[in-house]
Each structure stands twice: as C-alpha cells, then as structure tokens.
Amino acid sequence: MKILPWAGDSIFPALCETLLAWRKSAPDTRDLPWRDEPTPYHVWISEIMLQQTRAAVVRGYYLRFLDALPTVRDLAAVDDDALMKLWQGLGYYSRARNLKRAAQAIVTDHGGELPSDFDALLALPGIGRYTASAIASFAYGEPRPAVDGNFLRVAARVTANGIDIAKDTTKRALESALAPSYPGGRDAGLLNEAFMDLGATVCLPNGTPLCRVCPAARLCLAHEYGTEQDYPVKTALKARRKEQHTVLLLSCGDRIAIRKRPARGLLADLWEYPNIEGKLTKRTVRAHLEAEGFHILDITPLPPTRHIFSHIEWNLAGWAVSVANTNEPPLMVAEEIEGAPPTLLWVRRAELTERYSIPTAFGYFTPQ
C-alpha cells in the first residue's frame, strides 16, 4: 500500500515538542487508572475497552475486570459466560472474545507475556495498528505514534489538512509523518497521551474547540485562518438499517426464559430474551406462544425502546408473559433465528444478575 505524504507535516517537529512539554508540565487531571501502572497487560486491556467506549464508562469495567482476571493466564482460562458477564454493558462483545483468543495465543506462543515486537503484537487477535502502537509506546517505550480519532483531529486542525481521516491510508500517512519526531522511552507514551488528552479536553470533537487554552494554538493553521470547525474531514457514514423486534419476557414462577444467539453475526453467542421480528400485537403474541404449547396466565405490555448499534438501529416492543408454573416448563422452538438452539433455558431471576450476560439491547427489559 502506497503511503501518501501528510500535507503540513513540517509543523510536526514543533508540535511534538510543544505537546510533550505541555504534558510534562501540566498535572494529569484525567485520573485514568490504567495510567497508574502501565504494564503491557493493563495497557492492552484498557485500550481494547476504550475502543468505541468513553473513558468515563470504561473506568469501572477496567477495575472490575482486573480484579477478576489479574493476569494474562487468568484471562486465557476464564469461562466464556464469566467473561461475557464481566463485559456486559460495554458492547462490541467480539472485543472480549478476541481478548481471550489473544491471551491463549500469548500463553502458548509467548510464555504468558505480551510481546514487545510491533509485528508480533499485530499478529494477535483483535490488535490493530493503533492498539499495537499504544502497547509498544506506553508499556515498552517504543517511539510509535498511537493514532486514534483524537490524534487525527488535532493533526488535521493544526495543519489545516482536508484529508479524509476515515481512510486507513490517512492514518498510516500520519504515522509516517510523525515517526521522525517521536522520542523513545517514557516520553513516547507521554507524547501519545498529550495528543489524546488535547483532543479529549481542548481540541473538542463537538462544539467549539477551546483554542484560548490550547498549548498548540500558535502553531495551528486552522486557528490562524479561523477555520477550526472545518476540520477534520471525514467520510459520512451510511445510514443505519432499521429493524423492528418484539421481545418476550417469559416468566414461569421464579424463572425467566433466555436463549443463546447464533455463533455468528450480531451479538454472536450471547444470551438473549426470546424475540421475534416485527411489532407483534397482544393477540399475535398469544397465538404464537399458544401454538408452541404454552399455557398463558397473563400478558402485559412493556415500554418500547430503541437500541443503536454502529450500523443497525433496533426498535423494540416488549411483552411480559406469565406462563403456567409446571414442573417442566414448556420449550419453544426458536424458528425466527436460524441456527439458534431449539430450547429455552429457564433461569432464576437472581441468576440473570449473577451469572448470565444479557446485552444492553435486551437489558432494557430485564425484570427488577
């Protein structure tokens, strides 16, 4: 792949020097726990969690995760349901599955220690160029720019560059342009933190950037031209596909019915409440369940809700359905989901909280 030059890169040496000095002189007001002990394992876990998730949300998950799985070997050996429970609410569950797969590879191929070699890190499941650069710089002091969205926004504004930051070639070009200005050792991680912190707290993505307090304002071409809000340029995302589903919260005495989703696709292999495509009326729900052999005691509507994934929007209707309390609750064939297991699993309400991971998309309907 040919890497094109990044326009305005003559500013980068002065920018790197300025931001590193700013990071060293200013107190770390973000108080992020993964910065307290930047071991390779800690950096890796935090960076995977921070993909698609705000730092304020990640904090609690990160501390809970490390308390339960303090080492790579613990992660490699963890039960899948226990792992999904730790991840519940963070979304993008493939990240957790890749963490375990990578941990198993690290134990098998690297003696339980994350490799320091950039290419070896890239070879692990779920680790791309940004995450490999973050681990290499924060944990091993390698002079690697960890180019994320904040990083790209700062660079685009400082250089008044209209390059499309959504393209992989843009990120690779920025890595190449910055590499000669990057220090090694602890300063490599500090400079990456400086870019990230500036983008998160000063060079803001939404609203007006706080140029009056920006340490790089004197270098910034967009600020000089008064065009800060014109950058960065990013390809517009495709409109999300909208889907309608009806969720059935089936209860039988103290038990709630759940089932596993297919091993592939959206929310793969996670537990869910049974649901059917479309918006079903009370009459349709009753007819559907009675055809499956249920004896219905009561059907109550639940408040509708909406859940947004990166590429799909779910509009969800819900019904709480109480069925006859027999010794052996009836089973329902999951015909609406190809490849799904043919039976429901009936679990006690307490188990929903303690053991089984229900994705947020269905968690709106979890009984209290």
**Complete:** Here the side-chain hydrogen bond (donor to acceptor under 3.5 Å, both in side chains) pairs for residues 71-85, sequence neighbours left out, are Thr71-Asp74, Asp80-Lys100, Asp81-Trp271, Lys85-Gln88

**Message:** I need the full list of salt bridge (charged side-chain N to carboxylate O under 4.0 Å, His left out) pairs touching residues 110-122, with sequence neighbours left out, sorted by first then second residue.
**Reply:** none

**Asked** Who passes side-chain hydrogen bond (donor to acceptor under 3.5 Å, both in side chains) against Tyr182, sequence neighbours left out?
**Response** Asn192

**Prompt:** If you count the non-hydrogen atoms of other residues, nucleotides and ligands that lie under 6.0 Å from CD in Glu290, is the total more than 12?
**Reply:** yes

**Complete:** Apart from Tyr231 itself, members of its ILVMFWY cluster (side-chain separation under 4.5 Å) are none

**Phe195 and Phe151 aromatic ring geometry - parallel, tilted or perpendicular at 30°/60° bounds** = parallel

**Message:** Tell me which pairs pass salt bridge (charged side-chain N to carboxylate O under 4.0 Å, His left out) where either residue lies in residues 194-211, with sequence neighbours left out.
**Reply:** Arg30-Asp197, Arg35-Asp197

**Request:** Check step by step if side-chain contact (heavy atoms from CB on, under 4.5 Å) holds for Asn315 and Glu243.
**Result:** CA-CA 6 Å; Asn315 291 293; Glu243 297 180 356; over 6 Å; no

**Request:** Could you list the residues that satisfy side-chain hydrogen bond (donor to acceptor under 3.5 Å, both in side chains) with Lys282, not counting sequence neighbours?
**Result:** none

**Asked** Just checking, any donor-acceptor pair under 3.5 angstrom between side chains of Thr366 and Tyr273?
**Response** yes

**Request:** List for me each residue that meets side-chain hydrogen bond (donor to acceptor under 3.5 Å, both in side chains) alongside Thr235, sequence neighbours excluded, and say none if there are none.
**Result:** Asp164

**Request:** Applying side-chain contact (heavy atoms from CB on, under 4.5 Å), name anything that partners Ala77, two or more places apart in sequence or on another chain.
**Result:** none

**Of all pairs that satisfy salt bridge (charged side-chain N to carboxylate O under 4.0 Å, His left out), the ones with a partner from residues 129-147, not counting sequence neighbours** = Arg129-Glu175

**Prompt:** Who are the salt bridge (charged side-chain N to carboxylate O under 4.0 Å, His left out) partners of Arg306, not counting sequence neighbours?
**Reply:** Glu313

**Prompt:** Does any donor atom in the side chain of Arg101 or Asn98 lie under 3.5 Å from an acceptor atom in the other side chain?
**Reply:** yes

**Request:** Taking side-chain contact (heavy atoms from CB on, under 4.5 Å) as the test, write out the residues that go with Arg348, two or more places apart.
**Result:** Asp254, Arg255, Glu351

**Message:** Once salt bridge (charged side-chain N to carboxylate O under 4.0 Å, His left out) is applied, what residue pairs with a partner in residues 206-218 remain, sequence neighbours excluded?
**Reply:** none

**Message:** Does the structure place the NZ or CZ of Arg59 under 6.0 Å from the centre of the six-membered ring of Tyr62, at an angle of no more than 45° from the ring's axis?
**Reply:** no

**Donor-acceptor side-chain pairing of Thr300 and Asp298 below 3.5 angstrom** = yes

